[in-house]
Amino acid sequence: MHSRLKPIPLRPIGRKSIINTTPVSFIRYFKPHRQEIAATILCGFITVGCNLAMPVIIRWIIDGLKDGTLTSTQLVHNLIYFLLLGAVSIVFSRLLRQIPMKLSHKIEFSMRNDVFEHLTRMDQNYFRTERTGDLMTRLSSDINIIRDSIGQGLLQGARTILVIVMASIVMAVADLQLALIMIALFTPMVIFFFLILRVMRRYQQELQEHVSEVSNYSQETFSGIRCIKGFALERRRNNGFKALNAGLVSKTMRMQSTRQMLFPFMAFWFGLGNILVLVIGGKKLIAGELTLGTLTQFGQYLLYMQWPLLALSWVLSMLQRGKVSWIRIQQILEREPAIAASPNEVPASGTPLETSIDFQELELDIGGRKFLEGINLHVPCGQTLGITGPTGSGKTLLTSLVARLMDPTKGSVKIGGIDIREISLAQLRGMIGYAAQEPVLFSRTLEHNIGFGVDDADMDIVGWAADIAHLHSDVEGFPEQYQTMLGERGVTLSGGQRQRTSISRAIARKPDILILDDVLSAVDTQTEAAIMSKLQPVMHERTTLFVSHRISTLRYADTIIVIEDGKITQRGTHEELITQPGYYSELNTLQQLEQKLEEE
């Protein structure tokens with residue numbers, strides 16, 4: 001028997017990772033669509049005006065027939081007016097639905113583009129603190145809710161306001177006492193609305209956060225399905241999802257039950273209004289203070305107001321959902337990337353920068369912990385720098401600073417004598433080819449992945465880059481060769497093939513600076529030698545930073561540095577370092593012993 005499912009604890013709603021800067025106004029999405037908004041209001045006025053005028057014609061006909069003053073010609077004319085008003089109302093009522101719905105999709109298009117573009121500008125630290133599933137929920141579900149809130153909210157909201165205001169005026173003109181009774185009747189209903197909506201807003205926010213949790217849990221499960229199956233954890237993950245799903249159902253039911261309170265309450269209030277109109281209006285009719293046509297007119301207005309006011313509960317709940325979703329979208333748009341353009345930024349030009357790299361008194365702190373300290377280093381243009389050291393010593397962080405994936409806490413990184421914070425990000429990253437330690441491949445063809453960093457990649461470039469990385473022979477064995485579709489994150493390739501694809505992608509763009517971060521760790525010694533033999537001419541044509549734990553790879557570098565505990569402890573050529581006591585000579589001795597054991 002399974003144990004009782006326990007709910008998975010959720011993150012608090014107000015997460016500290018969200019930093020508010022200049023508020024992003026929702027109005028900016030409406031400004032380009034002033035004409036559509038004006039057309040919506042105009043259509044609302046015409047539609048409501050026609051619908052309010054039709055009961056007036058009914059009153060004229062009833063009172064005229066009762067008094068015997070209505071001629072057959074007048075009756076025909078009144079019927080024609082009634083039909084014309086009905087036809088105009090149908091036409092503009094249709095427009096009143098079409099315009100806001102089209103407007104909502106235009107705003108959805110602009111908002112989704114803005115959010116996606118803003119997310120692509122964010123730095124690595126942002127994506128370390130935010131969950132992919134949550135961002136996907138905001139980009140899809142929350143924007144969909146905002147779209148529905150605009151389309152239906154603007155439509156029904158504008159119609160309801162116009163109906164209430166214009167009907168109140170017309171009823172006050174027809175009979176002030178009955179109009180005041182109706183207004184007094186609807187006042188408690190409005191107060192009740194806003195009390196319920198305050199509760200609904202809190203429930204909706206909790207619900208949306210829980211939807212994000214479900215999305216994130218699913219994304220993590222499917223991305224890590226190989227690990228889950230490897231440890232036979234399917235049942236545990238299924239139980240975890242059941243607990244999350246049960247919580248989602250519970251929060252949804254709580255939200256729906258709160259929302260559904262509004263409709264019966266309004267139906268009761270309208271029934272009470274009809275009774276008051278019949279009782280008070282009937283007494284005035286008997287007393288001769290009110291005509292039968294006027295009483296019928298009031299009854300028609302109550303029937304006409306019933307649907308807009310009943311829809312008001314639905315519209316207001318939808319607007320509350322939209323408000324909660326907008327706050328979640330706003331949190332993304334108001335977060336500024338830590339890697340921002342400098343006010344002294346050198347604009348991108350056609351003149352290439354000289355590619356020497358200088359690290360000057362460089363320090364890097366992350367979360368109060370010092371990862372790099374006292375880094376002073378010069379890499380001449382066209383030379384290869386080998387970087388090695390124990391795991392976690394800061395090698396990858398050093399190369400990340402060159403690509404400005406993060407900024408140093410102190411000191412500077414200069415390319416061609418210019419601080420990289422004064423070079424435009426587009427120009428800086430456009431001159432760098434980066435092959436990361438953990439390659440990220442996309443669920444597209446192999447050709448697409450290799451040519452990903454090139455604007456107009458053709459098979460000549462793709463084939464050349466694959467051949468340099470010793471990948472071409474492997475690709476020829478694939479049934480579809482370069483058109484082979486890769487699974488998510490390249491799961492259809494082996495670890496070595498993924499790394500070689502990453503190398504191919506980095507060199508395909510023929511960069512001025514090449515950064516290779518331990519990209520040969522998953523290949524065998526023979527493949528490594530074949531890759532290095534073809535990669536050497538490419539490295540000699542550009543400034544290269546080469547991170548590796550293998551002496552057989554590092555020996556090709558012009559200069560080698562050893563980083564330990566965030567500091568450079570050794571530097572020199574391969575021949576110089578193997579004669580010095582320290583990490584490098586010990587690593588060389590250890591790997592020589594491993595090689596002898598393998599040979600034996």
Side-chain angles (χ1 to χ4, degrees), residues 26-27 30-31 33-59 81-104 107 148-176 178-194 197 262-263 266-267 269-270 273-274 277 294 296-320 322-323:
F26 188 57
I27 303 300
F30 283 96
K31 286 183 178 179
H33 306 288
R34 296 185 183 92
Q35 293 181 346
E36 287 98 325
I37 296 173
T40 300
I41 296 173
L42 177 62
C43 290
F45 268 112
I46 295 174
T47 302
V48 174
C50 290
N51 289 330
L52 292 177
M54 292 165 71
V56 175
I57 297 176
I58 293 174
R59 186 192 74 189
Y81 297 151
F82 188 89
L83 292 175
L84 287 175
L85 287 172
V88 172
S89 174
I90 291 172
V91 172
F92 281 92
S93 178
R94 182 177 177 81
L95 292 174
L96 185 60
R97 290 187 59 84
Q98 287 181 344
I99 297 173
M101 296 303 290
K102 290 182 179 179
L103 171 62
S104 67
I107 292 178
D148 294 339
S149 299
I150 294 171
Q152 294 296 334
L154 185 62
L155 164 66
Q156 298 294 347
R159 177 182 289 177
T160 300
I161 292 172
L162 289 172
V163 166
I164 293 174
V165 173
M166 295 175 68
S168 298
I169 294 172
V170 175
M171 285 192 296
V173 171
D175 190 283
L176 183 59
L178 279 179
L180 291 175
I181 291 172
M182 292 298 101
I183 294 172
L185 181 67
F186 292 132
T187 302
M189 180 180 69
V190 174
I191 296 173
F192 178 78
F193 264 13
F194 284 99
L197 288 174
L262 295 174
F263 192 88
M266 291 201 61
W269 223 249
F270 269 109
N274 278 315
V277 167
T294 304
T296 305
Q297 181 183 355
F298 266 88
Q300 290 293 313
Y301 285 154
L302 272 177
L303 288 174
Y304 176 60
M305 293 173 66
Q306 186 167 351
W307 166 243
L309 288 175
L310 283 173
L312 184 62
S313 63
W314 174 61
V315 170
L316 291 177
S317 66
M318 183 175 289
L319 291 176
Q320 282 297 317
K323 186 176 182 180

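- The minimum heavy-atom distance between His33 and Ile107, with the atom names listed, is CD2-CG1, 4.1 Å.
- Heavy-atom minimum distance, Val48 versus Met166: CG1-SD, 3.8 Å.
- To the nearest 0.5 Å, atoms CG (Leu162) and CD1 (Ile41) are separated by 8.0 Å.
- Annotation: the span from Gln98 atom CD to Cys43 atom SG amounts to 9.5 Å, rounded to 0.5 Å.
- A heavy-atom distance below 4.5 Å is not found between the side chains of Ile150 and Pro100.
- The nearest pair of heavy atoms linking Ser104 to Gly151 is CB-N, 3.4 Å.
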| message | Assess the residue pair Ile46 and Leu42 against the criterion (side-chain contact (heavy atoms from CB on, under 4.5 Å)); give the C-alpha distance rounded to whole Å, side-chain angles, the decisive distance to 0.1 Å, and a yes or no. | response | CA-CA 6 Å; Ile46 295 174; Leu42 177 62; 4.1 Å; yes

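- Contact between Leu52 and Val170 at its shortest, heavy atoms only, is CD1-CG2, 4.4 Å.
- Annotation: the span from Cys50 atom SG to Phe45 atom CZ amounts to 13.0 Å, rounded to 0.5 Å.
- Other residues, nucleotides and ligands contribute over 12 non-hydrogen atoms within 6.0 Å of the CZ atom of Phe30.
- For the pair Ser89 (side chain) and Leu85 (backbone), a donor-acceptor distance under 3.5 Å is absent.
- Phe82 and Ile57 make their closest contact through N-CD1, 3.8 Å (heavy atoms, listed as atom of the first residue, atom of the second, distance).
- One finds the CD atom of Gln35 at 11.5 Å from the OG1 atom of Thr40 (value rounded to the nearest 0.5 Å).
- Judged by distance alone, with hydrogens and angles left aside, the side-chain atoms of Arg94 form no donor-acceptor pair with the main-chain N or O of Val91 at under 3.5 Å.
- Panel note: side chain Thr47, backbone Gly44; no donor-acceptor pair is recorded below 3.5 Å.
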